[in-house]
Every structure is written in structure tokens, then in C-alpha cells.
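Contents: one structure, followed by commentary.
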Amino acid sequence: MITPPDRIPLPRAFFDRPVLEVAPDLLGRLLVRTTPDGPITLRITEVEAYDGPNDPGSHAYRGPTARNAVMFGAPGHVYVYFTYGMWHCMNLVCGPEGTARAVLLRAGEIVEGAALARKRRLSARNDRELAKGPARLATALDVDRTLDGTDACTSAETPLRMLTGSPVVPDQVCSGPRTGVSGDGAVHPWRFWIADDPTVSPYRAHTPRRRSS
DNA sequence: CAGTCGATTCACT
DNA sequence: GTGAATCGACTGA
């Protein structure tokens, strides 16, 4: 059997590079979620880079904790966090090991297994919305904290694996401020997306939460 | 140990 | 465009 050229596993060395190099390079790559009912494959269209303990917008800003421990580990692994009491978001850890840099997967196009994704995303009005936004993406792929620490760079049958896909030419890569990041974390244009792609999520500035009574 | 708020989404106006 | 939902991690006292 032939392996299509876009379905070769991404080597760990891909992630063992500066996070600002890895993030735009992830656009157009494929993430395969293996489920009991079959595979769901995502073509990545939007990401954000988080630059470890020096980055005020990063979960690693205040050092290692039980939640973010995976970020401080080896590149090519998946960091999943739980937020707003109901959502999960997923990142790919970058290198070098111990630097706690990571790329948040913000949006993508479901290119295989859309029927499976739809079962988890009943509020989606069309297929473009299945993974438009980081929590929607994780929901569509059935990703939660039980997958925190999964190795996405292995030939073993892990539930999440990265494939080469088709990298996007530089002309098609856009960048801008990160979405929903507050304060000093918002100054850098560390959000990257594919130009004119209908699955990219809308930009939203950080909104402070209203005080409860 | 109580208070605050989040790398968000959805229903509604 | 606005506000609610919902809970656990983190902070500071």
C-alpha cells in the first residue's frame, strides 16, 4: 500500500524549533484523531504561539503547575486545558524541552469524519463551524484532559497524530494579535491564519468579566 | 480558604 | 451587541 505524501507523520524535530517558526508552519498540516468509530482529520487553518514563562499570555507564565506540566516536557506532545467551566482547548508543545512553548490550535477544516464531528457539535449550523474556534475544535475532535500529554509524533497508535499535510505558501499566511489575551500578552502578532479561509474564527479582543454581586 | 477570572461559546435582544 | 453558563486553578491573606 502507498502512503500519500501528505500523510507522513510529522517528525518530532518539526516541533523542536522556535515556536514562532513552528506556528505558521502548522497551517495546512493535518491532525488525525482516532476514535472507536473511525478517524476524524483536521486541516489546521488558525493557530496562536505562546512563548513560555516569559510570555504574560501563556499558562506557563508563573512556572510549572500540575495543570501545565506537559508544556514543560518534550516537544510534539499535546497540552490540553479546561476553561470557563465547560470547554477544552488543545496545544502542541514546542522545543527545546523545558522551555514550555506551545501552539494553540484555534481553528481548522474537518476533511475526514465530518459526520462524527457533527455528532459532538450539534449547535454547528454548517461544516465550516465544526472547528471554528479552539473549544469548538477540541469538542469536534473529542479532545479532553484525558488526552493531555499524548504524543502526536509517533508511529504508535496514539489517539492524536500530526501528519505533514500541505504547508501553506508564505503569501497565504496572515498574522495579528492573539484572540482573547489580556494586557501585555496582547501586544505581539502571534496569531497566524490562512488568508480568506472560511473556517478561521473571528478576532475578539480580551473582555474583562463583569463583577458578580 | 474565599475571591477572582479565564487562550470561550451560545442564546437572545 | 450583551450576558449567562460553569468549575477548577491560582492568588493572596
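Given the structure is predicted, the values throughout are model-derived calculations rather than measurements. Residue numbers start from 1 in every chain, and the chains themselves are labelled A, B, ... in the order their sequence lines are given, proteins ahead of strands.
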Under 4.0 angstrom between [X] side-chain N/O and [N] OP1 or OP2:
X: A:Arg136; N: B:dC10; answer: yes
X: A:Arg145; N: C:dA9; answer: no
X: A:Thr83; N: C:dG8; answer: no
X: A:His206; N: B:dA7; answer: no

What is the separation between atom [atom1] on [X] and atom [atom2] on [N], rounded to the nearest whole Å?
X: A:Arg204; N: C:dG1; atom1: CZ; atom2: P; value: 13 Å
X: A:Leu122; N: B:dA11; atom1: CG; atom2: P; value: 11 Å
X: A:Arg128; N: B:dT9; atom1: CZ; atom2: P; value: 16 Å
X: A:Asp148; N: C:dG8; atom1: CG; atom2: C1'; value: 14 Å
X: A:Leu137; N: B:dT9; atom1: CG; atom2: P; value: 9 Å
X: A:Met71; N: B:dA7; atom1: CE; atom2: P; value: 11 Å
X: A:Glu129; N: B:dA11; atom1: CD; atom2: P; value: 10 Å
X: A:Arg121; N: B:dT8; atom1: CZ; atom2: P; value: 14 Å

Can you tell which of [options] lies closest to the side chain of [X]?
X: A:Leu104; options: B:dA7, C:dT6, B:dT9; answer: B:dA7
X: A:Trp87; options: C:dA9, C:dT6, B:dT8; answer: B:dT8
X: A:Arg106; options: C:dT11, B:dA7, B:dC10; answer: B:dA7

Taking any heavy-atom pair under 4.0 Å as a contact, classify [X]: base, sugar-phosphate, or nothing.
X: A:Arg125; answer: nothing
X: A:Thr65; answer: sugar-phosphate
X: A:Arg62; answer: sugar-phosphate
X: A:Gly57; answer: base

Show the nearest heavy-atom pair for residues A:Trp190 and A:Asp51, with the distance to one decimal.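 Answer, listing the atom of A:Trp190 first, then A:Asp51: CZ3-CB, 3.7 Å.
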
For A:Phe82 and C:dG8, are the ring centres under 5.5 Å apart with planes inclined under 30°? no

Q) Crowded around A:Tyr61 OH? As in, over 12 foreign heavy atoms under 6.0 Å? A) no

> Of A:Ser123 and A:Asn91, whose nearest nucleotide on DNA chain B comes first from the 5' end?
Replying inline: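 On the 5' side of the pair lies A:Asn91.
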
| field | Check: A:Tyr84 side chain, C:dA5 base, donor-acceptor under 3.5 Å | value |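 Between C:dA5 and A:Tyr84, which were checked side chain against base, a qualifying N/O pair under 3.5 Å is absent.
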
**Item:** A:Arg7 side chain to A:Leu163 backbone, donor-acceptor under 3.5 Å
**Value:**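 No; judged by distance alone, with no hydrogens or angles, the pair does not exist.
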
Partner of B:dC10 under the Watson-Crick or G-U wobble criteria, both distances under 3.5 Å, comes out as C:dG3

For C:dC10, which nucleotide in any strand shown is its Watson-Crick or wobble partner with both distances under 3.5 Å?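 C:dC10 is paired with B:dG3.
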
_Classify the ring geometry of A:His88 against A:Phe82: parallel below 30°, tilted from 30° to 60°, perpendicular beyond 60°._
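Judged by the thresholds at 30° and 60°, the geometry between A:His88 and A:Phe82 is tilted.
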
Taking the cut-offs as 6.0 angstrom to the six-membered ring centre and 45 degrees off its axis, would you call A:Arg12 and A:Phe15 a cation-pi pair? no

salt_bridge(A:Asp37, A:Lys119) N-O dist < 4.0 Å: no

